[in-house]
Amino acid sequence: MKYFLLACLGVFALGVLSLFIGVSDVTPMTLLDPATSTHAFEMLMVSRVPRTLALVLAGAALSVAGLIMQMLVRNRFVEPSTAGTVESASLGLLVVMLLAPGLPVILKMLVAAAFAMAGTAVFLGILRRVPLRSEFIVPLIGLMLGGVIEAGTNFFAFRYDLLQSINAYMIGDFSAILRGRYELLWISFGLTCVAYVAADRFTVAGLGQDFTTNLGLDYRKVMALGMVIVSLVTATVVVTCGVIPFLGLVVPNIVRLVIGDHLRRTLPWVALLGAALVIACDIVARLVIAPYEIPIGTIMGVIGSGLFLYFLLRRRGYGE
Amino acid sequence: MGSDAKRIWTPAVALTLLAGLALLSVALFMTVGVKGNWGFILPFRGLKIATMALVGYAIAVSTVLFHTITGNRILTPSIMGFDALFVLIQTSIAFFFGATFLTGLTPSLLFLVQTAAMTVFAGLLFSWLFRGGVRELHLMLLSGIIFGLLFRSLSSFFRRVIDPDEFLILQDTLFASFNRANPELLSVAAILVLLVSLAAWRLRNVFDVMALGRETAINLGVNHRRMVTVTLAMVTVLVSVSTALVGPVTFFGLLVANLAYMLVPSHRHILVLPGAAFLAVTCLVGGQLFLERVLSYGSALSIVIEFAGGIVFIMMIVMRGAR
Amino acid sequence: MIEVSNVTKSYGGSEVVRGVTSSLPANGVTSIIGPNGAGKSTFLSMISRLLPMSSGQVTVDGMDILTADGDAMAKKLSILRQDNHLTARLTVRDLVAFGRYPHSKGRPTSEDLAHVERSISYLGLDNLTHRFLDELSGGQRQRAFIAMVLCQDTKYVLLDEPLNNLDMKHAVAMMQLFRRAADELSKSVVLVLHDINFASCYSDLIIAMRDGKLVRQGAPAEIVTTANIQEVFDLEARVEIVEGRSIVHFYL
C-alpha cells in the first residue's frame, strides 16, 4: 500500500510535468505573472489539462482491458491489438464514415464498439476450433485476423478515398485533444471501475469454465461482461485518440513479473502503470522534434513491440 | 487424386500450363486497351511488366528456398520481417547520413549498399534466432512477426524525426510501388537476380537434399550449416530486390509457394521453383490487370494480397493444429 | 573401426554423456542398450556428427568426424534417427533414391538405380514404391527410411531404435536383415535397441549405458546376466539360456 501511494505520487508528478510541455508558453511562472496568466490559464484549461487527463484515462483503461482479455482467454499475449478488436473498431468507424458521416461521436463510438465486439467474437470462435498446442498460436491468429480485417478496411477506404481519414485513427495521437474532444474517455474510466468491482469474477473465469461453474458463477455472463468492457474501452480510445498498440499487453506483463496474477491486487497497479507509460511516451512524443510532435502510436509501436519481444524470448536459453 | 489423374498431371504438364498462363497474362497486360501509339506504350508497359516479373520471381524463389532451409511451409521471409528490415535499413541510412549523402549516390549504388547491409543484419538476426534454440515453430513465427512490427515502427519513427522537408526529397529514392518503376534500379536488380539464379541452378540437387531436414542432409554428406548460410544470403538478396522495387508484400510468397507445392507434383526444386515463379508472375500481372481494367482499382493489389494471404495463413495454422 | 575417446556432451551444467571411451568394430552387429535417459541416442548422434560434442574425439577408420569431408563421411557412415518426418511430399522410391546422393550428387547412374531397386526389395517395399510417405503406416515409413540408409551403401550403418513402429514379424525380419548385412556384406551395424532380447540374440557386441556413462561392453553372453540387468536397468529379472542365447524374463 505504501508503495502504491508512492507510485501514485510519481504518476501525479508526471502528469504535472505533462501540463507544462508544449509549444505555447505555459509554465508555473507565466501562470503566476499577472501579465500572462489569463492566456496561460486559458491554454492550460483548454488544451493541457484535457490532454493530460486523456492520457491518464486512455492509458489506464487500455491496460486494464488488456489484463481482462488475458484473464478471460487465459493467454498472456492477448490484448485488443492482438485479437482483431482494434482493427474491427476501425472497420466500424469506416462504415460510419461511409454510411452516416454526420453521426454524433457517441454513436460513432457505439458502432465501433459493436464491430469490436463482433471481431472479438470471431477471434474467440476461431480459437475454439483450434487445439491450442502452443500459447503462441493465440496471438498469432489474433494478429493475422487483425491484418485481414485491416486489409478489408483499407480496401474500402481506398475505394472511397477515405484512406487518409481512416489512417488518422490507426496511429494514436493526442495532439488534437482539446476540451470537448476527450470527455468520451470518462466512459472508459467508468468501465475500469466496473472491472475493478468484477475483478474476482474475472480471476475465477480465468481458471476455466468448469471451475467457474463449480463456484456457482455463470461463465458465459462473466465472459460477456469482460468482452463488453474490452470492446467499449477499445472503441472509446480509438475514436478519441487512435490506436495505441501493445499497451494492454506490455503493462500487465510487467506488473505480473513483479506481483503475480491476483486480479484485485494487480488491477490498480496495471491502471497506474498504464497511465504512467502513456504520459511518459506522450512527453517524449512532444519533446523529440519540438515544436513538431511524433504520434504516440509510433512511439508505443517501438516500445511495445520491443517489450513484446522481450516477453517472448525471455528465459529461452539464448547464448548456448 | 486417382492414379489416372496422376499420370496425366505430370510435372511437365503442370509446368507447361503454368508457363502458358504466365505468358498469357503478360500478353494480355501488354495489349488490352491499347489505342494508338505503340512507341509510347511498349516501353511504359514493358517496364512495368519487367518489374512485376522480376519481383514475382524473386519472391517466389526466396520463399521456396526459405521453406527448404527452415523445414516448414508457413514461415516466409516476409513473415519473418525480412522486408520490414530492408525498409528499416533504407530509412536508417537516410536518418543517420542525411539527404545529401543519399542524393550523392546513384540509385543502384545506394541499392547495393542497402543490400549489403541487409545481408549482414538479416544474417546476424536469424542466425541468432535459429541458433538460440527457438525450436518451436509458433514462437518463431510470432517473434518474426513482432520483429517485423518493431522494424516497421522504428522506420516510421525515423521518418517522423527526419526533417519533413528533407524527407520529401528522400521519398522518391526510398519508396517504390508497382506503379513506379525505375529502369536503372531494375537493371541492377536483374543482374543480382541472375547471379542468384545461377548459384541456385548449381545447388539445385543440394536443395532437394536440404528439404529432407537437417539430420538426413548431414547423413547424406551435405554441409548443412554452410548451406543454410549460403541459402539465407541468397534469400536476403532476393528479398532486397523485391522490396527495393515495390516495397513490402507480406503474404504473396506464402500464397504462391504453397500453390506451387499443390500444383507441381514433384519434390524437386528444379521443377517447383520455376512453377512458383510462373505462378507469381501470373498472379501479379493477372491480378494487376484485373484490378486495373475490370475493377479500376489501380494500386490495391497489395491490399488484396494481404487480405487473401492472411486468411490462408490462419487456415494453415488452424489445419496444422487440427492434424 | 569407430574409435570413441572420452566423449562428453553437456547442456548448461548437466552432462548427458560423460567421458565415454570405446571402439566399435569394423564388422558385425553392435547394440547399445540402457534405460531411458542413459544418453544412448545422444551418444549415437555424436558419433554420427549430427550433434557436436562438448569434448572428446571420434574417428571413423582414422578420419576425425568433425574435420573430415562431409561427403567422404557420407560414403562411409550412415545414420538414421527416430521420428523422421518430412515437409516435402515424397514417394518411397524418391526417398530411397536419395540414399545414392553421396555417390551420384543427384544424377543417378544405372548402377545407382540398381542399388535403389535392391534396397526396396530387401525391405519388401516393392508394392509401395509409388506411394507417398504420408500415405503409409508408421511401420512402412520406418522401413522406407531404413531402405534409404541401406541404399547409401556405407560400411557403417547407425540406427536409432530401428524397430520402432514395427510389428513382431517385421522386427524379426529387420534384425535378420542387419545380421545378413553384417555377415554377407561385412558391414558394421550399430543399433540403439530397447528390446534387450533382440540385442542378446542378434548382436556380436553389446554396449550398456547408464547415466551418460558406458558401464559394460562385451559379447551378449557376458553382458546379459541377472547381475548386469540389475545394475544397468535397476530391474530384477531372470536370465535363461535358450538355444545358446541368453533370454531375459522380466514380465513375471
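Naming: A, B, ... by sequence-line order, numbering from 1 per chain.
The candidate from B:Asn72, B:Val209, B:Asn223 with the greatest count of non-hydrogen atom pairs under 4.5 Å with chain C is B:Val209. Most heavy-atom pairs under 4.5 Å with chain C: of the set B:His267, B:Arg204, B:Arg214, B:His67, this distinction falls to B:His267. Ranked by heavy-atom pairs under 4.5 Å with chain B, the first of C:Asp94, C:Leu77, C:Val149 is C:Asp94.
Both the backbone and the side chain of C:Leu50 come within less than 4.5 Å of a heavy atom of chain B. Contacts of C:Leu80 with chain B are absent, with no heavy-atom separation under 4.5 Å from either backbone or side chain. Of the two parts of B:Val272, neither the backbone nor the side chain holds a non-hydrogen atom closer than 4.5 Å to a non-hydrogen atom of chain C. Contact annotation for B:Thr68: neither backbone nor side-chain heavy atoms come within less than 4.5 Å of a heavy atom of chain C.
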### Query
Hey, mind stepping through B:Ile218 and C:Arg49 against side-chain contact (heavy atoms from CB on, under 4.5 Å) and telling me if it holds?
CA-CA 8 Å; B:Ile218 294 178; C:Arg49 81 203 181 286; 3.8 Å; yes
### Message
One pair to check against side-chain contact (heavy atoms from CB on, under 4.5 Å): C:Met148 and B:Asn219. What are the steps and the verdict?
### Response
CA-CA 11 Å; C:Met148 180 194 89; B:Asn219 170 45; 4.0 Å; yes
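Note that CZ of C:Phe145 and OG1 of B:Thr216 are 6.0 Å apart. Values are rounded to the nearest 0.5 Å. In this structure, B:Glu215 CD and C:Gln82 CD are separated by 10.0 Å, a value rounded to the nearest 0.5 Å.
The heavy-atom pair separating B:Leu220 from C:Pro102 by the smallest distance is O-CG, 3.6 Å. The minimum heavy-atom distance linking B:Val206 with C:Tyr101 is given by the pair CG2-OH, 3.3 Å.
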